[in-house]
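Just below is one structure, and these are the notes that go with it.
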Number of protein chains: 2
Amino acid sequence: MVEQTPQRKSPDRLDAVFHALSDPTRRLMLRSLAGGDRTVGELAAPFRMSFAGAAKHVKTLERSGLIRRTVRGRTHICRLEPAALANANAWFRYYARFWEQSLDALEAVLREEDAARGKPSRKARKLPQQKDRLNEHH
Amino acid sequence: MVEQTPQRKSPDRLDAVFHALSDPTRRLMLRSLAGGDRTVGELAAPFRMSFAGAAKHVKTLERSGLIRRTVRGRTHICRLEPAALANANAWFRYYARFWEQSLDALEAVLREEDAARGKPSRKARKLPQQKDRLNEHH
DNA sequence: GCGATATTCAACCACATGGTTGAGCAAACG
DNA sequence: CGTTTGCTCAACCATGTGGTTGAATATCGC
């Protein structure tokens, strides 16, 4: 039997957050919002799709809680809402515990950007014997 | 300019990864896998849905790259494949700095980013010239 | 061999999703 | 005032998704 979920604290918002993130258009919109608040029109502009189509994506982001919108006159200004992302990030952190061994391998991947060449430090992390992994760590 | 930064490594895998994570059943399966390798039957057992239904979820996880399966006899053993998760985690890392900016003192982040380049006061609100395409293929 | 086990596969269903178009509506502009 | 702007809404369509059932396919135990 599978234990009760680690996501019980943020009930089903995680579903919406991850779903929102699963679309490249919406990720790019978030990326744009990372540079500052944007109107729906500004968010929609870069995409080839219709305005209403892009506005749907904005609404999806809003429903997920990732962004918030304030109406000012006829323009709707969107801004990031970091709380929702924090939940998803917490999810990753939770699982990072279990995947710790592989996670420092992934750290290496992330650093590859900086240390792409230069040092062949190659930590040779013993390429884990998949037998005893993550059982001692809770 | 909108750089395609974090997604370029595994082109559309991010879509699949976030999509896989957007379902609570699949997240619970991942949680089970965090405790060790599992057969498809073991993964499916805790859920009230049909076996074939659960097996579909397993397949979705596999397609996303989050898990890998090795066939041994008639049983299929699934194990976590953290590399895919690494990309999603990298995505979070990338956006974390923008998020912090809206969370607390944005000047700190701006200083770290721009002071090195010598660009003084900066209004993040300014709309960048993103008229150029960022649609398609990210 | 036989039968039980572990799994995939195919067909099907209800419904959500991503996209379109066209209309409608409130606010800003001249 | 009327017209344009910014945006939502509703209808529609194609495809995808989560779920079912009923096979079919290997494999293990006897």
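Any value given below was found using the heavy atoms of this structure, including those in side chains, with hydrogens, waters and symmetry copies removed. Only a predicted model underlies this, so the values are computations on that prediction, with no experimental measurement involved. Lettering of chains follows the sequences in order, A, B, ..., and the numbering in each one begins at 1.
- Considering only residues two or more places apart in sequence or on other chains, A:R79 meets the salt bridge (Lys or Arg N to Asp or Glu O under 4.0 Å) condition with A:D37.
- Listed nucleotides: D:dT17, C:dT7, C:dG18. Nearest to the side chain of A:D23: C:dG18.
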Side-chain donor/acceptor pairs under 3.5 Å, residues 51-60 of chain A, sequence neighbours excluded:
| from | atom 1 | to | atom 2 | distance (Å) |
| --- | --- | --- | --- | --- |
| A:H57 | ND1 | A:R26 | NH1 | 3.1 |
| A:T60 | OG1 | A:K56 | O | 3.1 |

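- The minimum heavy-atom distance linking B:A20 with B:L61 is given by the pair CB-CD2, 4.1 Å.
- Counting to the nearest Å, the P atom of D:dC7 and the CZ atom of A:R38 are 13 Å from each other.
- Taking atom NE2 of residue B:H76 and atom C1' of nucleotide D:dT25, one finds them 10 Å apart after rounding to whole Å.
- The separation between A:H19 atom NE2 and D:dT17 atom P is 11 Å, rounded to whole Å.
- Nearest to the side-chain atoms of B:R26 among the listed nucleotides D:dC7, C:dT7, D:dG18 stands D:dG18.
- The stretch residues 55-65 of chain B touches DNA chain C through B:A55, B:K56, B:K59, each having a heavy atom within less than 4.0 Å of the strand.
- Checking the phosphate oxygens (OP1, OP2) of D:dT20, a side-chain nitrogen or oxygen of B:S50 falls inside 4.0 Å.
- In plain terms, the two heavy atoms of A:L30 and A:L80 that are nearest each other are CD2-CD2, 3.7 Å.
- In this structure, B:F18 and B:W91 have perpendicular ring planes: the angle between them is above 60°, well past the 30° mark.
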Atom pairs, protein N/O to nucleotides 23-27 of chain C N/O, distance under 3.5 Å:
| from | atom 1 | to | atom 2 | distance (Å) |
| --- | --- | --- | --- | --- |
| C:dA27 | N3 | A:R74 | NH1 | 3.2 |

Item to check | Verdict with supporting geometry, A:T75 and A:I77, side-chain contact (heavy atoms from CB on, under 4.5 Å) | outcome: CA-CA 6 Å; A:T75 74; A:I77 301 175; 4.2 Å; yes
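- Atom pair B:I77:CD1 and C:dT5:P shows a separation of 19 Å (rounding to whole Å applied).
- The CG atom of B:D15 sits 14 Å away from the P atom of D:dG16 (whole-angstrom rounding).
- The salt bridge (Lys or Arg N to Asp or Glu O under 4.0 Å) check on A:R68 picks up A:E81, with sequence neighbours excluded.
- Following rounding to the nearest Å, A:R48 (CZ) and C:dG18 (P) show an atom-to-atom distance of 17 Å.
- For A:C78 against A:L33, the heavy-atom pair with the smallest separation is O-CD2, 3.3 Å.
- B:G41 comes within 4.0 angstrom of sugar-phosphate atoms only, judged by non-hydrogen atoms across all strands, and of no base.
- Among C:dG19, D:dT21, D:dC7, the nucleotide with an atom closest to any side-chain atom of B:A52 is D:dT21.
- The ring-ring contact (aromatic ring centres under 6.0 Å, His included) contacts involving residues 59-80 of chain B comprise nothing, where partners must be two or more places apart or lie in separate chains.
- The CE atom of B:M49 sits 19 Å away from the P atom of C:dA14 (whole-angstrom rounding).
- Residue B:T39 is classed as a sugar-phosphate contact, given heavy-atom separations below 4.0 Å to backbone atoms only.
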